[in-house]
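Taking it in order: structure first as structure tokens, then the write-up.
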Amino acid sequence: MNVTNSIIKFVSSLAQKKYRDKEGCFVAEGTKCVRDTWQHFDCRMIIATQNWYDTFGNSSHLGKLYIANRGQMQRMSQFATTSEVIAVYNIPQPDLEPKAEQDGLNIVLDGIQDPGNLGTIIRLADWYGIRNIFCSKQTVDVYNHKVVQATMGAISRVKVTYCDLEALMSESSLPVYGTTLDGDNIYSTELASSAFVVFGNEGNGMSERLKSLATKNLCIPSGTANGEGSESLNVSIAAAITISEFCRNRLK
């Protein structure tokens with residue numbers, strides 16, 4: 001089937017969260033992203049150039065496949081460089097009662113705003129085998145196209161749940177580790193192998209309500225003398241160092 005103007009308008013609208021919520025679907029774009037995700041989500045449609053389909057397509061796409069030319073792909077693309085394939089997936093239904101992983105780490109994100117940061121943290125979780133990320137309602141939408149792209153396919157393997165973080169952690173027996181600039185040195189602190197690890201907003205850090213739930217606050221000490229140098233780390237870099245240290249301690 002050939003793509004139509006109504007489909008082009010529909011796919012373009014999914015750049016906005018209000019239309020993703022209304023339609024219950026999101027977009028994955030580009031060969032790697034689509035091929036890494038199409039077996040893990042309920043696919044509503046795939047739009048591709050004929051050249052892409054001839055190279056990568058298969059019979060399972062028939063009935064959901066729409067062929068478009070480069071100009072039409074450009075009208076739907078959410079990136080500066082136009083891709084040859086766009087997949088539209090149905091958004092999975094959220095759990096009514098989210099549950100933490102009791103034997104392992106659970107990442108908690110409190111108001112993360114940058115799509116690249118969220119996507120990178122999801123990819124980080126996938127690397128370390130962490131399957132649960134819990135987000136506050138103020139955290140950027142996981143189905144934002146920049147988040148989806150930044151995960152490099154990890155969105156299909158890591159479960160991201162938006163919920164009441166205070167209730168989630170209050171009802172669990174797991175320890176809660178906050179990340180702050182005035183916490184205990186992470187390199188000299190004994191770390192639990194199963195826990196919640198909380199990362200706060202890029203500018204304001206953890207909210208006061210979550211700070212009050214922390215069993216212990218951790219910091220990554222600066223290697224510079226007299227407080228010279230950068231005043232803080234990017235949250236996705238801080239998450240990488242922190243999670244790496246938890247995993248290193250677990251392996252010991």
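Both backbone and side-chain heavy atoms feed into the values below; hydrogens, waters and symmetry mates do not. By convention here, the first residue in the shown sequence is residue 1. Just so it is clear, the model here is predicted, and its values are computed rather than measured.
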Legend entry - Least distance between heavy atoms, F196 atom then L168 atom: CE2-CD2, 3.9 Å

Legend entry - Donor-acceptor side-chain pairing of N217 and T180 below 3.5 angstrom: no

Legend entry - Side chains of F134 and I107 in contact at under 4.5 Å (non-hydrogen atoms): no

Legend entry - Flag if over 12 foreign heavy atoms under 6.0 Å of NZ, K159: no

Inset, instruction - Evaluate the side-chain proximity of D95 to K99: yes if any heavy-atom separation is below 4.5 Å, no if none is. - result: no

Legend entry - Between CD1 on residue I122 and CG on residue L109, distance to nearest 0.5 Å: 8.0 Å

Inset, instruction - Give a yes or no on whether Q74 atom CD has more than 12 heavy-atom contacts from other residues, nucleotides or ligands under 6.0 Å away. - result: no

Legend entry - Rounded distance [0.5 Å steps], CG in L165 versus OG in S207: 8.0 Å

Legend entry - Pair R131 + D103, salt bridge at N-O below 4.0 Å: no

Inset, instruction - Find out whether E84 and M73 are in side-chain contact, i.e. whether some heavy atom of one side chain is under 4.5 Å from a heavy atom of the other. - result: no

Inset, instruction - Provide the closest heavy-atom pair for L105 versus S193 in the form atom of the first, atom of the second, distance. - result: CD2-O, 3.7 Å

Legend entry - Side-chain donor-acceptor pair present, Q102, S194, cut-off under 3.5 Å: no

Inset, instruction - Considering non-hydrogen atoms only, spot the tightest contact between G153 and D36 and give its length. - result: CA-CB, 3.8 Å

Inset, instruction - Identify, with sequence neighbours excluded, every residue that meets salt bridge (charged side-chain N to carboxylate O under 4.0 Å, His left out) alongside E171. - result: none

Inset, instruction - Please lay out, stage by stage, how N69 and V3 fare under the test side chain to side chain contact (heavy atoms under 4.5 Å, CB included). - result: CA-CA 9 Å; N69 59 40; V3 74; over 6 Å; no

Inset, instruction - Report the residues that fulfil salt bridge (charged side-chain N to carboxylate O under 4.0 Å, His left out) with E202, sequence neighbours left out, ordered by chain and then residue number. - result: none

Legend entry - R75 vs N5 side-chain heavy atoms within contact, under 4.5 Å: yes

Legend entry - Validation row: L191, L218 side chains within 4.5 angstrom (heavy atoms): yes

Legend entry - Value rounded to 0.5 Å, distance of OG in S136 from CZ in R209: 7.0 Å

Legend entry - Verdict with supporting geometry, T37 and Y89, side-chain hydrogen bond (donor to acceptor under 3.5 Å, both in side chains): CA-CA 9 Å; T37 54; Y89 299 126; 2.8 Å; yes

Inset, instruction - Begin from the C-alpha positions of Y187 and T189 and carry the test side chain to side chain contact (heavy atoms under 4.5 Å, CB included) through to its verdict. - result: CA-CA 6 Å; Y187 300 125; T189 301; over 6 Å; no

Legend entry - Chi angles and distances behind the ring pair (Phe, Tyr, Trp, His ring centres under 6.0 Å) call for H145, F79: CA-CA 9 Å; H145 67 280; F79 295 100; 5.3 Å; yes

Inset, instruction - Please answer: with hydrophobic residues joined when any side-chain heavy atoms are less than 4.5 Å apart, are I8 and V85 in the same cluster? - result: no

Legend entry - L181 reachable from V197 in the ILVMFWY side-chain graph, under 4.5 Å edges: no

Inset, instruction - Would you check, one step at a time, whether the test side chain to side chain contact (heavy atoms under 4.5 Å, CB included) holds for C25 with R20? - result: CA-CA 5 Å; C25 55; R20 292 196 296 272; over 6 Å; no

Legend entry - Short side-chain to backbone donor-acceptor contact, T161 and P98, under 3.5 Å: no

Legend entry - Those residues that, when tested against Y66, pass ring-ring contact (aromatic ring centres under 6.0 Å, His included) (two or more places apart): none

Inset, instruction - Treating Ile, Leu, Val, Met, Phe, Trp and Tyr as nodes and any side-chain heavy-atom pair under 4.5 angstrom as an edge, say whether V88 and I7 lie in one connected cluster. - result: yes

Legend entry - Heavy-atom closest contact (N106 atom, N132 atom, distance): OD1-CB, 3.6 Å

Legend entry - Backbone of Q138 reached by a side-chain donor or acceptor of Q113 within 3.5 Å: yes

Inset, instruction - Hey, can you tell me if Y143 and F26 have their rings parallel, tilted or perpendicular (30° and 60° cut-offs)? - result: tilted

Legend entry - Partner set under ring-ring contact (aromatic ring centres under 6.0 Å, His included) for F56, not counting sequence neighbours: W52

Legend entry - Residue of the set V108, L213, N201, V198 for which side-chain contact (heavy atoms from CB on, under 4.5 Å) holds with M206: V198

Inset, instruction - Applying side chain to side chain contact (heavy atoms under 4.5 Å, CB included), run through V158 and I133 and close with a yes or a no. - result: CA-CA 7 Å; V158 177; I133 295 178; 3.8 Å; yes

Atom pairs and distances, donor-acceptor, side-chain atoms in residues 39-47, under 3.5 Å, two or more places apart:
{"unit_1": "D42", "atom_1": "OD2", "unit_2": "N90", "atom_2": "ND2", "d": "2.7"}
{"unit_1": "R44", "atom_1": "NE", "unit_2": "N90", "atom_2": "OD1", "d": "2.9"}
{"unit_1": "R44", "atom_1": "NH2", "unit_2": "E23", "atom_2": "O", "d": "3.0"}
{"unit_1": "R44", "atom_1": "NH2", "unit_2": "N90", "atom_2": "OD1", "d": "2.7"}

Inset, instruction - State whether D164 and K137 are salt-bridged, where the test is any N-O pair (Lys NZ or Arg NE/NH1/NH2 against Asp/Glu carboxylate O) under 4.0 Å. - result: no

Legend entry - Joint cluster assignment, V11 & Y19, ILVMFWY side-chain distance < 4.5 Å: no

Inset, instruction - Taking all non-hydrogen atoms of both residues into account, name the closest pair between T215 and P175 and its distance. - result: OG1-CA, 3.5 Å

Inset, instruction - Kindly give the heavy-atom pair with the smallest separation between R123 and A150, and that separation in Å. - result: CD-O, 3.9 Å

Legend entry - Atom pair SG (C219) and CG (D184), whose distance is rounded to the nearest 0.5 Å: 7.5 Å

Legend entry - From CD1 (I186) to CD1 (I220), nearest 0.5 Å: 6.0 Å

Legend entry - salt bridge (Lys or Arg N to Asp or Glu O under 4.0 Å) pairs, two or more places apart, involving residues 1-19: K17-D21

Legend entry - Steps toward side-chain hydrogen bond (donor to acceptor under 3.5 Å, both in side chains) verdict (S77, E29): CA-CA 8 Å; S77 176; E29 183 172 345; 2.5 Å; yes

Legend entry - From I67 atom CD1 to N2 atom CG, the distance as rounded to the nearest 0.5 Å: 7.5 Å

Legend entry - Flag for S236-N234: side-chain donor and acceptor within less than 3.5 Å: yes

Legend entry - ring pair (Phe, Tyr, Trp, His ring centres under 6.0 Å) between F246 and Y177, intermediate numbers included: CA-CA 11 Å; F246 269 90; Y177 291 91; 5.0 Å; yes

Inset, instruction - Verify the cluster assignment for L174 and L210: are they in a single hydrophobic cluster under the rule of side-chain heavy atoms below 4.5 Å apart? - result: yes

